Amino acid sequence: MNVPHKAAGTGDAGRVASVMQEDRLFPPPSAFSQRARIGSLEEYRRLYEAARTAPASFWDERARALPWMRPYDTVLDWQPPDAVWFRGGLTNASAACLDVHLAAGRGEKTALVWVGEPTGERRTLTYRELHAEVCRLAAGLSRLGVKPGDVVSIYMPMTPELVVAMLACARIGAVHSVIFGGFSSEAIADRNNDAQAVAVITADGGWRRGAKLPLKANVDEALTKSPSVRHVIVLKRTGQPVSMTAGRDRWWHDVVDGMPCDTPPAAMDSEAPLFILYTSGSTGKPKGIKHTTAGYVLWAKTTAEWVFDLRDDDLFWCTADCGWITGHSYVTYGPLAAGASILIYEGAPNAPHEGRFWEIIEQEKPTIFYTAPTAIRSFMKWGMQHIEGRDLSSLRLLGTVGEGINPEAWIWYHEVIGGTRCPIVDTWWQTETGGIMMSPLPGCTPTKPGSCTLPLPGVVPEIVDAEGRPVEQGQGGWLVMNAPWPGMLRGIWGNDERFREAYWSRVPGKYLAGDNARQDADGYYWIMGRIDDVLNVAGHRLSTIEIESALVSHPSVAEAAAVGRPHEVKGEAVAVFVTLRGGEPNDALKDALRKHVRHQIGALAVPDDIHFAAALPKTRSGKIMRRLLKDVAAGRETVGDTTTLEDYTVLATLRGNDE
Ligand code: WT7
């Protein structure tokens, strides 16, 4: 399979441009446009100009839909890089997702449809029922002594209770930090410690391809190294045996037992932290991205309404796990604040069979389906036999997120899943941006496979060179944002200096996204990959340095270099080069290193290829030349300059040395 977008990330603008020559144009189907919230490009341009020229009144108008316990005094105070949105206002994110709908007489509407991984398990909750569950857990948390501003880690399977846990924290003003269930106990401990979490909400286990993940056991191990945690709340999900530490651990059902169904939402400052979400940067230590209350919820809600064209009868299926930002903004806060019905599925797309998603679509009839290109490439690989005969006619809109989509996968998605009638929204955004930044609007933007098309109203992108000067149209460069938006990150938890350094210093006063991009003659944006040592493996962000740190903490490893190489399903795979201080360079050691990375970070970071090397290619000043290693990992000839290599024989030896 041809995955042309993977030439991205090389920083070689000319090469990326040439493989992304894609001039097919897909106008929105007129049946779709006629009913859409934003049905013409004129309407889009009008909104875009209004948000650009008068942001305060634009966002003031929209913020009125949030439940204010005290109105704000000002819409925006912008002292780069610090933004204060809706200063002086008091509101609550869980009230914005729940209470407003009950007050509007929509309590009986389905909020959530849940499908478990074991076939046949299914639950639905109305807005009234979801509200009650959230209130009960919120009261239970308060009773344990969890206070506004306290951090609560959440390490759970994709169950309705995961959404309940997030909203219950929000209800009492506690700050949630969701940790994806694939992370290891070491990663949980690091996050607990960095945030000084006071409680962890988890489950006995979670289903993954028929197996039970040891979630509680992982938390137990993490807590031997993260002493700030005083309480553990454990949802009984799989029924597997777990050990419960008296005084610290309680079952969820005991915590909520007898609690009231009408806990009032805490009045939170607009800028009170709502959540922390850890993501990889270009150092070994993950960054705790901080999002706050009013601006984030407004951005998640508004972008969900625009991009997914939400209507009252929609059932929205975003396949992301709440452990990632996509699950925060487009499983929980965005669609629920918009009053939509969401569908969530607990398990893997190939459990118990590779047609599980299509079976779920046939049964539950979602109208909107939002997933990742890596998943689409898996579906293509698994084959048509899992799709043929399935009724996918409920779908009216498709979306993608997490990485660029290669045109071949786009066309397949359009034809096979969308039956050529569904527009596709390719949404570009980041953990840091809180919500979608660039995307087609399905009722009006003609799409080009592989392009995230145009910025949403309120988003003012620019492409600049290393001196911060705008590049010529068509040229690749760094993607920056020229204006603040309500959903932007407000900092890195406990590290203002890194916040300024990572996002605001290389191009002073502008938000540096960390991606290369170019704009075509129609003004459409094409993302060309990262500018830093951040990999995108199956839509997940991984830092090469984080993987290297994990490897060098193994006693046999002297030095390690991690790079990405093209992979037909995952987009990028992790290839590592290691030099040894001890041990034999054999398969047993490879297994041991894989286990070690799994233990240090989690399964998602386990290297696909391990190359043992006698030496790594370095510059005379001792910097590892990853560019060359990338070529070796991909089995490519080295095209770039090698004159700065300190020892030419190293490269030749590496090439002769493969696996
Ligand atoms: C990075 C952000 C956004 C939620 C999931 C990932 C890449 C994301 C696209 C897209 C091309 C994309 C970028 C970005 N990315 N969406 N539609 N086209 N690239 O969030 O882990 O914060 O990663 O994912 O490189 O910077 P994340």
Side-chain angles (χ1 to χ4, degrees), residues 3-9 11 16 20 22 178 180 182 277-282 286-289 291 299-300 303-304 307 318-331 334 370-376 398-407 409-410 413 424-440 447-456 459 461 476 478-481 487-489 492 502-503 511-518 524-543 546 564 570-572 604-605:
V3 189
H5 69 292
K6 276 306 141 200
V16 176
M20 287 305 283
E22 175 58 61
V178 185
F180 174 61
L277 185 59
Y278 285 87
T279 188
S280 296
S282 47
K287 310 182 265 201
I289 302 300
H291 283 288
W299 187 246
T303 54
V307 175
C318 165
T319 67
D321 189 285
C322 286
W324 311 108
I325 190 68
T326 309
H328 284 62
S329 303
Y330 301 109
V331 171
Y370 186 38
T371 197
T374 182
I376 298 168
L398 302 175
T400 67
V401 60
E403 58 177 307
I405 180 165
N406 46 308
W410 195 102
Y413 197 33
I424 297 178
V425 288
D426 173 347
T427 63
W428 178 86
W429 58 295
Q430 308 178 292
T431 304
E432 291 86 342
T433 69
I436 297 167
M437 299 291 276
M438 299 202 272
S439 169
T447 51
K448 300 183 192 185
S451 168
C452 59
T453 74
L454 300 170
L456 297 185
V459 175
W478 293 349
L479 178 63
V480 296
M481 296 297 147
M488 66 198 287
L489 80 167
I492 294 176
Y503 303 110
Y511 171 77
L512 182 74
D515 281 351
N516 279 309
R518 77 181 167 88
Y524 278 32
Y525 288 85
W526 298 78
I527 303 296
M528 295 154 62
R530 300 286 304 187
I531 66 176
D532 48 20
D533 292 322
V534 170
L535 306 183
N536 189 328
V537 177
H540 299 145
R541 214 202 276 196
L542 284 174
S543 144
E546 223 176 312
K570 298 198 272 192
E572 254 178 317
L604 70 172

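Fair warning: this is a prediction, and the values are worked out from it, not measured in the lab. Whatever order the structure lists them in is the order used to number ligands and atoms, beginning at 1.
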Ligand 1 versus Thr427, non-hydrogen atoms closer than 4.0 Å: side chain, backbone, both, neither? backbone
Nitrogen or oxygen atoms of Arg530 and ligand 1 under 3.5 Å apart: yes
Winner among Thr433, Thr326, Leu542 once heavy atoms are compared against atom 5 (C) of ligand 1: Thr326
Are Gly402 and ligand 1 in contact, using a heavy-atom cut-off of under 4.0 Å? yes
With the side chain counted from C-beta on, respond yes when Arg541 and Leu535 share a heavy-atom pair under 4.5 Å apart, and no when they do not. no
Looking only at atom types and distance, does a side-chain atom of Ser329 sit under 3.5 Å from a main-chain N or O of Ala300, one as donor and one as acceptor? no
Which residue and heavy atom of the protein sit nearest atom 12 (C) of ligand 1, plus the separation: Glu403 CA, 3.4 Å
Could you tell me the residue and atom name of the protein heavy atom closest to atom 23 (O) of ligand 1, and the distance to it rounded to 0.1 Å? Arg541 NE, 3.5 Å
May I ask you to identify the nearest protein heavy atom to atom 2 (C) of ligand 1, giving residue, atom name and distance to one decimal place in Å? Trp429 O, 3.6 Å
Ligand 1 versus Gln430, non-hydrogen atoms closer than 4.0 Å: side chain, backbone, both, neither? both
Under 3.5 Å, is there a donor on one side chain and an acceptor on the other for Trp410 and Asp426? no
Do we see a donor-acceptor contact under 3.5 Å between the side chains of Tyr330 and Thr303? yes
Does a donor on one side chain sit under 3.5 Å from an acceptor on the other, for Ser543 and Ser280? no
Which residue supplies the protein heavy atom nearest to atom 11 (C) of ligand 1, what is that atom called, and how far is it? Gly404 N, 3.0 Å
For the backbone of Trp324 and the side chain of His328, can you confirm whether one donor and one acceptor N or O come within less than 3.5 Å of each other? yes
So which bit of His540 gets within less than 4.0 Å of ligand 1, heavy atoms only: side chain, backbone, both or neither? neither
Report yes or no: does Thr427 contribute a side-chain atom to a donor-acceptor pair with the main-chain N or O of Thr400 at less than 3.5 Å? yes
Evaluating non-hydrogen atoms only, which member of Asp515, Asn536, Asp426, Ile527 is closest to atom 13 (C) of ligand 1? Asp515
Is it the case that the side chain of Glu432 and the backbone of Leu489 share a donor-acceptor pair, with hydrogens and angles ignored and the cut-off at 3.5 Å? no
Of all the atoms in ligand 1, which lie at a distance below 4.0 Å from a heavy atom belonging to Ile325? 4 (C)
